[in-house]
Structure formats: structure tokens, C-alpha cells
Amino acid sequence: MKITILNGDLETKNSDFSDYIENLVKQFQVNNNIVDVFHLKKMELSYCHGCWNCWWKNPGLCSTKDDAEIIFKSYINSDFVLFASPLYVGFTSSSLKKISDRLIVLLHPYIEIRNKESHHTKRYKNYPDFGLLIKEENDTDKEDIQILNDIYDRFAINFHCKKRYLKSVNFNTVKEIVNASCNI
Amino acid sequence: MQVVIFNGSPRRKKSNTKLLINSFLSGYKKVIDTKVPVYYIASLNKKEELLYAYKNAKTVIIFFPLYTDMMPGIVKEFFEDISKIKNSERKKIAFVVQSGFPEAYQSIFVEKYLEKLAKRLKLDYIGTIIKGGVEGIKLMPSWMTKELFTNFSSLGEYFAKNNEFDEEINSKLRKPYKMSKIKRNLFSIISKTGLTNFYWNGNLKRNKAYEKRHNHPYAQKWSH
Ligand SMILES: Cc1cc2nc3c(=O)[nH]c(=O)nc-3n(C[C@H](O)[C@H](O)[C@H](O)COP(=O)(O)O)c2cc1C
């Protein structure tokens, strides 16, 4: 399988979370997967400016020229994506949210009714399913997990795919993440 | 400082959010004749100034567009920043979420997050206004947007009087909550005529990009 990992850790050095991700990458590779891993905070990545150039000027292409292009390519050509981030004030990091916004380039502006709601149609034939890997905060509670599940389920509807799981580095081993990701 | 408004749109001065804030303030000013400061969260080079304004405000209203079912990344960053600020006294916070899709339902999940955020940051939560169908308001003739702007003006007027949102207007703005079966059927009929894509096609043609509309440049060759 080809796997893309988007690591939203805002800490760029000495981080347990990123160490965990590193171990996870190794474990994926041992199992013969091809892994692209991006530590977003270490890259040059702007936020989405909402210019719609990707929808009506250069269809399918983002006009903001930075490191995002390799992420778009990796994402859309993967079999599975892992959104990985410690929680900050109850949600995945701003780095991860910024790149998630920019994934809109992968959709079509046209609108259809799906799930009885308005949504954008596909630009690509296939979109990868994803998993969500978090690190809880001290005050994370059931309500926060519910909110995360809901929002990422919405993301899955928008991005023509399925959310396979939400897991946490606090409770799940690297092995468990690998199994959950590769058991299709 | 009393009330401070933050505009969370990445489009800043060209945003739909700005138009809604202007209407809100026109009503607000009918009651309280002071200038309410408006800050742009996307002005990242003014971060210090923004955080200072936040720290000193008694009431904060944050307006933002829905981005992939949540607040935009820059607004998330703002939340991370303000979570590090120690509030000297209790502060009130309110939100206005506006979106492209018409259904208010699309924004009720971020609403739950916002309510929880206020609790987490120990702020008094005033509430959240939700308004769908806002993309394109700049191109609409004034008769189409009149009601929207009037509602936002009334919202501002009520807010100036009560430091709260008018629940009646809030529920009015939340319509449609979901697409009714009739609307959905109508949509599928109209979409066969291409009319539902009118806004996008018009812009694609204007930019001479219509022929390229289905491009998928990031796919590897063998996958398509
Ligand atoms: C990256 C991006 C993501 C968006 N995601 C959503 C969405 O999930 N649901 C929705 O209804 N509208 C979505 N929109 C549409 C905006 O919410 C809508 O166009 C809004 O009116 C923009 O306001 P502004 O001009 O103040 O930025 C999105 C727009 C952009 C650019």
C-alpha cells in the first residue's frame, strides 16, 4: 500500500508524538508499505487564501507555490492517509487544518446532493480513506472525542472517502495503528 | 475596550464576512455610537496587535467562513494563540459562522466545538449565529441580499442593546436547516439543465478555463 502521513505536531524537536510517528513509519515499512511522511510545521506551507483559482482559473491547480504540491500529489495517489496530530485546544493542530483546507483543490466546484446534503463532486476517480491519530490533552474528555469524530466524519463525506478510525497515542500501540490501517 | 470584532476570513477585505460585519455594525451603531474595532485574523504580521486587542476586550465576536466543515486553519491558529493568554477578568465570546452550502446543518458541528472552546478557555459563551448560502453574495443583485443584510443589521442593533444575539433572527438565519425532499428533487431536475453550475461555469468561461474544468493534474498517469 501507499500511505501518506500528515504529521501536524507543532513541536519540531524533542517530541514524543513525532518519535511515535517515526516508529510507526518504520513499522509500516517493515510490512512492505510505501510511506510518505510530512512533518507540516517543518515545511513551507501557507494557508488557503480562498481565491478559487483552483476552481475557475487553473482548474485543479493551486496557485500558492510552496511545499503543498508534493502533499497534494502524495495524498491523491495514496491508498490510505493518516491525519496525525496532538490535540491543541480540543482539536488537531492549525498546521494540519491549514493543509486540510487546501485539499479543496482536489475537488470539483460543481455541487451534487449526496447524503441528502449539498457537496462538491469528484475531480479524481479515487480518494483515499483515512485514519485519525491524536494525542490527548490533559483535559480531553468524551465530548471532545465526539466532536472530533463528527467533524472528521464530515470531512469524509466532503472528500469522497471513509474515516476508518480515530485512535490515540495515549492508548494505542504502533502495532495497533498499523493493523487498523492495513486491514482493508 | 468594549466590543471587538475579529474577521477570520483568509480573504480579509474582499471577504463575504466583511459584508456581514458591515451590516451588523450599521445596526449596532444605531444604538451605540462608538467605533467598534475590526481586526483581520489573516493579517499574520499584526499578530501582537490582534492578541493585545483580544486580551483587552470585554466582549469578542469572531466571524468566519466555514472551511471544510470547521474554522479555517488561520482561525484555529488564533484559538491556539488566545488559549495561552491569561484573562484578567471574565470575557464574553460570540461567533458568526457563514458558509457556501445553503444548509445550516453543515455548521452545527463546528458550533459544538465553539461552545466547548468557550468553556475550555473559561469565557462566557454568548452563542453562535449560523448562515448558509453566502458564497456569491457579492454578485447578487441587491434585491436578493436585502433580507440578509437587514437581518444582520437587526442582529447588530439587538446586540448593542442586550449584549446577546436575538434568538428569533438566529433561527430565521438558520433556514434552510437541511435540504427538504422537494428542494433535493428540484435540485436534481435543475442540475440536468446545468443551471446549478451557473456560478462556476460563468467564472470558468470568463477566465477561458472552461475546457480545462475537469483537469486532474496531481494524479499519476497510470491511475487515470
Ligand atoms: C478552502 C475552502 C473550504 C470551504 N469549505 C466549505 C465547507 O465545508 N462548507 C461550506 O458550506 N462552504 C465551504 N466553503 C465556502 C465558504 O464558506 C464560503 O465561500 C464563504 O462565503 C466565504 O466567505 P469569505 O468570503 O468571508 O471568506 C469553503 C471555501 C473554501 C475556500
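Protein chains get the first letters and strands the later ones, always in sequence-line order, with residue 1 at the start of each. Quick caveat: nothing in here was measured; it's all calculated off a predicted structure.
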Heavy-atom pair of closest approach, residues [X] and [Y]:
X: L204(B); Y: P59(A); answer: CD2-CG, 3.9 Å
X: Y218(B); Y: I76(A); answer: O-CG2, 3.5 Å
X: M70(B); Y: I151(A); answer: SD-CD1, 3.4 Å
X: A209(B); Y: K57(A); answer: CB-O, 3.3 Å

Heavy-atom distance under 4.5 Å to chain A: side chain of [X], backbone, both or neither?
X: F78(B); answer: neither
X: E135(B); answer: side chain
X: K119(B); answer: side chain

Has [X] got more than 12 heavy atoms of other residues, nucleotides or ligands less than 6.0 Å from its [atom1]?
X: E147(B); atom1: CD; value: no
X: K146(B); atom1: NZ; value: no
X: K65(A); atom1: NZ; value: yes
X: N115(A); atom1: CG; value: yes
X: K2(A); atom1: NZ; value: yes
X: D67(A); atom1: CG; value: yes

**Report entry** Salt-bridge contact K116(B)-D141(A) (side-chain N to carboxylate O under 4.0 Å)
**Finding:**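 Yes, this pair counts.
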Toward chain B, the part of [X] with a non-hydrogen atom under 4.5 Å:
X: L106(A); value: side chain
X: L148(A); value: neither
X: E112(A); value: backbone
X: N158(A); value: side chain
X: Y110(A); value: both
X: C62(A); value: both
X: S95(A); value: neither
X: F159(A); value: side chain
X: I113(A); value: both

If I take atom [atom1] from residue [X] and atom [atom2] from residue [Y], how far apart are they, to the nearest 0.5 angstrom?
X: E117(A); Y: K178(B); atom1: CD; atom2: NZ; value: 6.0 Å
X: N207(B); Y: N53(A); atom1: CG; atom2: CG; value: 8.0 Å
X: H214(B); Y: R123(A); atom1: NE2; atom2: CZ; value: 8.5 Å
X: K116(A); Y: S180(B); atom1: NZ; atom2: OG; value: 11.5 Å
X: T68(B); Y: F155(A); atom1: OG1; atom2: CZ; value: 6.5 Å
X: Y152(A); Y: D69(B); atom1: OH; atom2: CG; value: 11.0 Å

**Report entry** Heavy-atom donor-acceptor pair, E80(B) side chain to S94(A) backbone, under 3.5 Å
**Finding:**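 Between the backbone of S94(A) and the side chain of E80(B) there is a qualifying donor-acceptor contact (under 3.5 Å).
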Query raised in the report: Is a side-chain N or O of N58(A) found less than 3.5 angstrom from the main chain of K212(B), in a donor-acceptor match?
Result: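 Absent.
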Going by heavy atoms in the side chains, are [X] and [Y] under 4.5 Å from each other?
X: E77(B); Y: Y47(A); value: no
X: D153(A); Y: F109(B); value: no
X: L61(A); Y: N215(B); value: no
X: Q220(B); Y: K73(A); value: no
X: R154(A); Y: Q106(B); value: yes
X: I111(A); Y: F101(B); value: yes
X: R120(B); Y: D144(A); value: yes
X: Y67(B); Y: K97(A); value: yes

Taking every non-hydrogen pair under 4.5 Å, which of [options] racks up the most with chain B?
options: I99(A), L10(A), V89(A), I147(A); result: V89(A)
options: L96(A), I157(A), D150(A); result: D150(A)
options: G60(A), P109(A), S74(A), G90(A); result: P109(A)
options: T92(A), V105(A), L103(A); result: T92(A)

**Report entry** Plane angle bin for W52(A) and W200(B) - parallel if under 30°, tilted between 30 and 60°, otherwise perpendicular
**Finding:**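 Taking W52(A) first and then W200(B), their aromatic rings stand perpendicular (interplane angle over 60°).
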Requested in this report: For ring-ring contact (aromatic ring centres under 6.0 Å, His included), just list the numbers for Y199(B) and W56(A), CA-CA rounded to whole Å, side-chain angles, deciding distance to a tenth of an Å, and then say yes or no.
Outcome: CA-CA 10 Å; Y199(B) 177 63; W56(A) 62 37; 5.6 Å; yes
Requested in this report: Could you have a look at M71(B), K181(B), K205(B), R206(B) and say which one has the most heavy-atom pairs with chain A under 4.5 angstrom?
Outcome: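 So the answer, after comparing M71(B), K181(B), K205(B), R206(B), is M71(B).
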Query raised in the report: Which of the residues P72(B), S83(B), P65(B) is involved in the greatest number of heavy-atom pairs with chain A at under 4.5 angstrom?
Result: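 Winner by heavy-atom pair count: P72(B).
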Query raised in the report: Under the criterion ring-ring contact (aromatic ring centres under 6.0 Å, His included), which of Y127(A), Y124(A), F72(A) is the partner of H216(B)?
Result: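 By the ring-ring contact (aromatic ring centres under 6.0 Å, His included) criterion, H216(B) pairs with just one of Y127(A), Y124(A), F72(A): Y124(A).
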